[in-house]
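Structure record follows, encoded as structure tokens.
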There are 4 protein chains.
Amino acid sequence: MVERSEASRRAVLNATLKLLGVTGSGPGTNVQKLTIEAIAREAGVSKATIYRWWTSKAEVVFEAFVSDYLSHTSVREDLPALDALRDHVHAVVERYAGQEGRIVAQMIAEGQYDQTVLDQFMNGFWRGRREAVVALIERGQVEGSIRADADPALIATLVYAPIYQRLLLRDAPLDAEFADEIVTLALAGAGEVTSRHAL
Amino acid sequence: MVERSEASRRAVLNATLKLLGVTGSGPGTNVQKLTIEAIAREAGVSKATIYRWWTSKAEVVFEAFVSDYLSHTSVREDLPALDALRDHVHAVVERYAGQEGRIVAQMIAEGQYDQTVLDQFMNGFWRGRREAVVALIERGQVEGSIRADADPALIATLVYAPIYQRLLLRDAPLDAEFADEIVTLALAGAGEVTSRHAL
Amino acid sequence: MVERSEASRRAVLNATLKLLGVTGSGPGTNVQKLTIEAIAREAGVSKATIYRWWTSKAEVVFEAFVSDYLSHTSVREDLPALDALRDHVHAVVERYAGQEGRIVAQMIAEGQYDQTVLDQFMNGFWRGRREAVVALIERGQVEGSIRADADPALIATLVYAPIYQRLLLRDAPLDAEFADEIVTLALAGAGEVTSRHAL
Amino acid sequence: MVERSEASRRAVLNATLKLLGVTGSGPGTNVQKLTIEAIAREAGVSKATIYRWWTSKAEVVFEAFVSDYLSHTSVREDLPALDALRDHVHAVVERYAGQEGRIVAQMIAEGQYDQTVLDQFMNGFWRGRREAVVALIERGQVEGSIRADADPALIATLVYAPIYQRLLLRDAPLDAEFADEIVTLALAGAGEVTSRHAL
DNA sequence: CGATAAACGAGACGGTACGTCTGGTCTTGTG
DNA sequence: CACAAGACCAGACGTACCGTCTCGTTTATCG
């Protein structure tokens with residue numbers, strides 16, 4: 001009868017973002033150290049309300065992060081495919097270098113312990129981004145800037161895998177230089193037909 | 001002066017492996033759900049003893065796993081570089097498909113919350129494997145099967161990143177087919193000089 | 001405008017009796033463990049409806065119990081006073097030995113925490129019974145079987161106090177033998193004139 | 001190895017007494033409204049410590065009250081039995097009129113919901129007092145001031161039952177006048193041989 | 001006979017306490 | 001003096017009820 005309070009929902013999500021350090025000033029907490037009690041306290045909401053609507057802490061974090069904060073790094077349609085790809089990779093790398101990256105990393109970490117968390121992350125976040133990149137590569141093939149006989153999915157993997165590796169293993173910084181390398185690498189083999197002709 | 005009890009150390013490490021399901025029969029626990037208390041109980045050792053010698057649960061796991069269980073998938077010296085690389089990737093992928101992969105994934109997950117854990121993992125485990133692959137690629141360049149103008153480090157990234165992505169994101173199975181794809185992909189651009197000549 | 005729903009009232013009272021184990025089969029609950037929520041659930045009634053008409057759980061229990069279940073153990077008018085007293089005490093003791101006794105005990109218990117509950121119990125239940133006994137004793141005095149110089153109120157206390165003590169302290173069973181003892185005791189001093197003459 | 005901390009035990013018991021209003025200034029709480037959390041908070045003790053050593057709130061209250069606060073209203077040996085009885089009843093009634101009475105009443109109330117609480121009360125508190133009174137009555141019989149053919153246990157009941165009734169039902173005040181009445185009543189029948197001779 | 005106003009079911013909500021659990025520290029013997 | 005045994009404080013867990021508060025939705029008079 002009485003429908004869900006949007007105010008409470010927002011309070012929970014905002015409190016979660018605040019505690020994670022996404023918004024506000026403080027340094028923020030781990031997802032792991034983030035507690036439901038703290039969210040409830042910060043949000044001025046009852047614990048029961050959180051448990052009523054979310055089944056796990058990770059679900060709250062995911063909703064807070066993905067649906068309310070994360071900008072779906074878009075792919076530009078107005079650029080040639082190669083340029084759009086380069087632009088997209090730069091944008092992703094730049095974002096992942098900051099707080100957003102830390103939270104994505106922690107969601108993946110949570111997913112190692114809870115398959116449903118990983119599923120949610122993959123379906124609600126990762127899949128969409130990847131498909132946008134695959135579509136972009138296919139556009140590149142139509143445009144003739146990417147070899148038509150290369151598998152777009154594999155190229156997408158070549159683009160994304162190093163980003164996630166660096167995000168998670170932190171073996172080197174996520175910076176613009178790295179973004180350039182990635183695109184170059186991914187297209188070195190399957191890549192730019194014209195430049196290959198120049199070889 | 002009573003020096004550190006090697007018996008206690010072994011008891012702790014063995015208990016850890018048992019509880020993680022690495023040895024013994026049971027299904028094993030998460031690293032996350034693994035508790036110091038349970039280790040102490042299983043090992044017949046006092047909690048204080050564990051805290052005295054290890055600073056975190058992850059450190060115990062790492063020591064138990066890396067120094068006592070993990071086989072350092074070696075690189076074969078008796079094969080041509082390309083074959084050795086292919087062999088190595090197959091071996092890694094096969095191992096990561098099992099329990100070993102789950103624990104590596106969980107150590108990386110823990111590392112997202114604790115930099116020292118990640119450092120330990122990178123220095124004690126990952127770095128060595130990667131350097132072996134880099135060396136292998138350099139051997140391939142000397143042997144002439146890999147283009148000399150390619151950066152061995154980048155190729156190593158092209159090899160490993162997709163493996164870790166699949167290990168952590170579980171978007172597709174870690175199997176022999178995948179191992180083949182990786183090698184092919186990684187060498188597509190920077191790869192086999194001979195095949196490029198055929199273009 | 002719309003008057004109180006008798007159907008809801010009955011549903012609440014019946015649900016209360018059922019949950020207390022007074023009616024139905026099950027073992028029943030404590031008054032303490034009985035919850036408004038459970039009553040509402042069982043009765044198919046909104047919590048608000050209960051709170052609208054009753055101020056406390058104890059009030060619901062009292063109404064359910066007293067006005068709908070409790071038989072007002074009556075005093076027989078057709079017997080000589082002494083026989084009627086004996087009959088009454090036996091009846092009370094017998095009833096208190098069962099479920100009725102447990103609930104009376106629990107209402108008194110609730111009354112220790114809430115004066116209004118105790119008031120309600122005293123006014124709505126206890127007072128009436130006690131006055132009936134006092135009247136009976138006065139009849140005995142008129143009939144000459146009880147000494148006229150004894151205070152009827154004190155004798156009533158001598159009759160009832162041991163019953164309530166046993167009900168609440170459970171130091172010995174509430175049985176027929178006990179009922180006999182009580183009457184004998186209460187009348188030993190102030191009691192049967194004839195027997196005293198025999199002294 | 002490590003034995004129970006007496007400091008923690010005392011802290012818990014003292015906090016309990018303070019919260020119940022037995023010591024300190026405030027108005028105090030019900031036993032019912034007294035919470036384990038509040039005790040732990042007040043005592044500066046972990047909840048787990050309380051649950052480790054006591055199985056229920058009532059047990060804590062009992063131990064706090066009986067073993068540390070309640071003075072075991074003693075029976076004077078230097079007076080003739082009848083005078084000692086009168087003295088004892090006055091003392092008990094006086095104590096029960098205050099905070100001590102409220103807590104005894106609440107322990108009995110708790111006992112209506114939990115047999116172990118009642119057992120503990122009966123064995124640890126009530127039994128001892130009653131036996132002292134029975135012994136006193138027997139002394140009176142030896143001294144010749146109480147009829148030898150009366151059952152001391154029944155007389156003890158006649159003495160105590162009205163006190164507990166008034167304590168629990170609060171139908172009339174627990175005062176000195178009442179104490180006098182009780183003794184007179186109890187001894188009216190089985191009582192003072194000399195006065196009976198005067199009849 | 002249709003408007004209106006209370007009573008009602010449903011149940012969301014902020015709270016509070018429950019009893020359990022684990023983490024990490026500290027204490028007290030034992031070998 | 002390293003160790004086991006384990007008591008301890010701290011505080012989060014997820015659950016259960018509390019009593020309050022909208023919400024529509026009956027339902028019974030009254031204009």
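Below, read A as the first sequence line, B as the second, and so on, with proteins coming before strands; counting in each chain starts at 1.
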A:Lys57 atom NZ is separated from F:dG14 atom P, nearest whole Å, by 8 Å
So, D:Asp114 side chain and D:Glu110 main chain: donor-acceptor pair closer than 3.5 Å or not?
no
Closest-nucleotide ordering on DNA chain F, the 5'-leading residue of C:Thr55 and B:Glu37:
B:Glu37
Under 3.5 Å, is there a donor-acceptor pair between the side chain of B:Gln32 and the main chain of A:Tyr113?
no
Atom CH2 of D:Trp54 and atom C1' of E:dT20: how far apart are they, to the nearest Å?
18 Å
Please determine, for the side chain of C:Ile36, which listed nucleotide (F:dC3, F:dG19, F:dC9) has the closest atom?
F:dG19
Would you say a side-chain N or O of D:Arg52 is under 4.0 Å from OP1 or OP2 of F:dC8?
yes
Which of these, B:Glu42, B:Lys33, B:Arg41, sits in a side chain to side chain contact (heavy atoms under 4.5 Å, CB included) with B:Leu19?
B:Glu42
Nearest-Å distance, OH (D:Tyr51) to P (E:dA17)?
11 Å
Expected list for residues 40-49 of chain C near DNA chain E, using heavy atoms below 4.0 Å, is C:Gly44, C:Val45, C:Ser46, C:Thr49
Does a side-chain N or O of B:Trp53 approach OP1 or OP2 of F:dC3 to a distance below 4.0 Å, or not?
yes
Is there a donor-acceptor pair under 3.5 Å between the side chain of D:Arg170 and the backbone N or O of C:Gly111?
yes
Would you indicate what D:Arg4 reaches in the nucleic acid, counting non-hydrogen atoms under 4.0 angstrom: base, sugar-phosphate, or nothing?
sugar-phosphate
When you match C:Ala38 and D:Glu6 each to their closest nucleotide on DNA chain F, which lands nearer the 5' end?
D:Glu6
Whole Å only: how far is the CZ atom of A:Arg9 from the C1' atom of E:dC13?
17 Å
Pairwise side chain to side chain donor-acceptor pair (under 3.5 Å) hits with a residue in residues 44-55 of chain B, at least two apart:
B:Glu37-B:Lys47, B:Trp54-B:Glu63, B:Thr55-B:Glu59
Counting just side-chain N and O atoms, does B:Ser8 come under 4.0 Å of either OP1 or OP2 of F:dA2?
no
Please determine, for the side chain of B:Thr35, which listed nucleotide (F:dC18, E:dG19, E:dG23) has the closest atom?
E:dG23
Euclidean distance, atom NZ of residue C:Lys33 to atom P of F:dA16 [Å, nearest integer]
15 Å
Which whole-number value in Å describes the distance from D:Leu19 CG to E:dA17 P?
11 Å
Interatomic distance where CD1 belongs to A:Ile39 and C1' belongs to F:dA12 [whole Å]:
12 Å
With D:Ala105, which residues qualify under side chain to side chain contact (heavy atoms under 4.5 Å, CB included), at least two apart?
C:Gln112, D:Arg102, D:Leu167, D:Leu168
Just how far, in rounded Å, is P of E:dC21 from CD1 of D:Ile50?
17 Å
Heavy-atom count around B:Lys57 NZ within 6.0 Å, excluding the residue itself: above 12?
yes
